[in-house]
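To start, the structure under review is shown below, and the notes come after it.
Basis for what follows: all heavy atoms, side chains included, without hydrogens, waters or symmetry-related copies. On a predicted model such as this, the values are computed, not experimentally measured, just so you know.
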Amino acid sequence: MKSNYLLPHKYKTLGWVLFIIGLLSGSVLLFNGYDSSFLNVKVLTIYNEPIFSEGSGFFKIVDNNITDELVSLLIIIGGLLVGFSKEKVEDEFIYKLRKDSLVWAILFNYFILIATILLVYDLTFFHILVFNMFTPLVFFIIRFNFLKYKANSHDE
């Protein structure tokens, strides 16, 4: 099966390493609130609206701890590498599993988001929206690998 949008298989291992490091770091950040002080740097922001102070406007240089940005990038880049790298054997069946998993992940993600809109409020809702950046990719990876495992266990 010729798929132009898939990366070579060799990127899958790198993707798993980045993805797992990102998920573990994200868990530590979420549960412990750990921010490294050495990751406080000056960064360019497209728009800055500081709370209780002057200095709002476009294209400002601000001080920011970039721990959460780095963790987010690890999860997203690692997840994309895992999800969109070719398998060792990329055939019609794998293509169908990939497509079905992607559709399922998007539908499942939006079902959860609709339930969240109806049942969760305030700052908790904001936190769920932050998680929602990652959940379609995570759901896709889980579903795709589960279906591959299930198919392989039936073949043996």
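In this structure Glu87 satisfies the salt bridge (charged side-chain N to carboxylate O under 4.0 Å, His left out) test together with Lys12, Lys148, sequence neighbours excluded. Residues that satisfy the ring pair (Phe, Tyr, Trp, His ring centres under 6.0 Å) test with Tyr47, not counting sequence neighbours, are Phe58. In this view, Lys99 satisfies the salt bridge (charged side-chain N to carboxylate O under 4.0 Å, His left out) rule with no residue, not counting sequence neighbours.
In the hydrophobic clustering of this structure, Leu24 groups with Met133; members are Ile, Leu, Val, Met, Phe, Trp, Tyr whose side-chain heavy atoms approach within less than 4.5 Å, directly or through other members. In the hydrophobic clustering of ILVMFWY residues, with side-chain heavy atoms under 4.5 Å counting as a link, Leu147 and Trp104 come out apart. Linking Ile, Leu, Val, Met, Phe, Trp and Tyr residues whenever their side-chain heavy atoms come within less than 4.5 Å places Leu7 and Leu74 in a single cluster. Linking Ile, Leu, Val, Met, Phe, Trp and Tyr residues whenever their side-chain heavy atoms come within less than 4.5 Å leaves Val89 and Tyr5 in two separate clusters. Residues Phe31 and Val28 fall into different hydrophobic clusters, defined by Ile, Leu, Val, Met, Phe, Trp and Tyr side chains chained together at heavy-atom separations under 4.5 Å.
Within 6.0 Å of CD1 on Ile46 lie no more than 12 heavy atoms contributed by other residues, nucleotides or ligands. Counting non-hydrogen atoms of neighbouring residues, nucleotides and ligands closer than 6.0 angstrom, the OH atom of Tyr121 exceeds 12 such neighbours. Within a 6.0 Å radius of CZ in Phe134, more than 12 heavy atoms belonging to other residues, nucleotides or ligands are found.
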Item to check | Worked check of side-chain hydrogen bond (donor to acceptor under 3.5 Å, both in side chains) between Asp63 and Asn40 | outcome: CA-CA 7 Å; Asp63 285 316; Asn40 287 335; over 6 Å; no
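Under the 3.5 Å distance criterion, the side-chain polar atoms of Arg143 are left unmatched by any main-chain donor or acceptor of Leu97.
At least one side-chain heavy atom of Arg98 sits under 4.5 Å from a side-chain heavy atom of Phe140. Leu39 is listed as a side-chain neighbour of Leu70, based on a closest heavy-atom distance under 4.5 Å. Between Phe144 and Ile94, the closest side-chain pair of non-hydrogen atoms falls below 4.5 Å. Taking the side chain as every heavy atom from C-beta outward, Leu129 and Leu113 approach each other to under 4.5 Å. Contact check for Tyr11 versus Phe84: no side-chain heavy atoms found under the 4.5 Å cut-off. Side chains of Leu30 and Phe131 form a contact here, defined as non-hydrogen atoms less than 4.5 Å apart.
Atom CG of Leu80 is separated from atom CG of Leu137 by 5.0 Å, given to the nearest 0.5 angstrom. Once rounded to the nearest 0.5 Å, the distance linking CD1 of Ile141 with OG of Ser101 reads 11.0 Å. Distance CD1/Ile76 to CG/Leu81: 12.0 Å, rounded to 0.5 Å. Between the CG atom of Leu14 and the CZ atom of Phe19 there is a distance of 13.5 Å, given to the nearest 0.5 Å. If you take OG1 on Thr135 and OH on Tyr110, they are separated by 8.5 Å, rounding to the nearest 0.5 Å. For the atom pair Ile75 CD1 and Ser25 OG, the distance stands at 8.0 Å (nearest 0.5 Å).
Minimum interatomic distance between Gly78 and Leu18 (heavy atoms only, all atoms of both residues): CA-CB, 3.8 Å.
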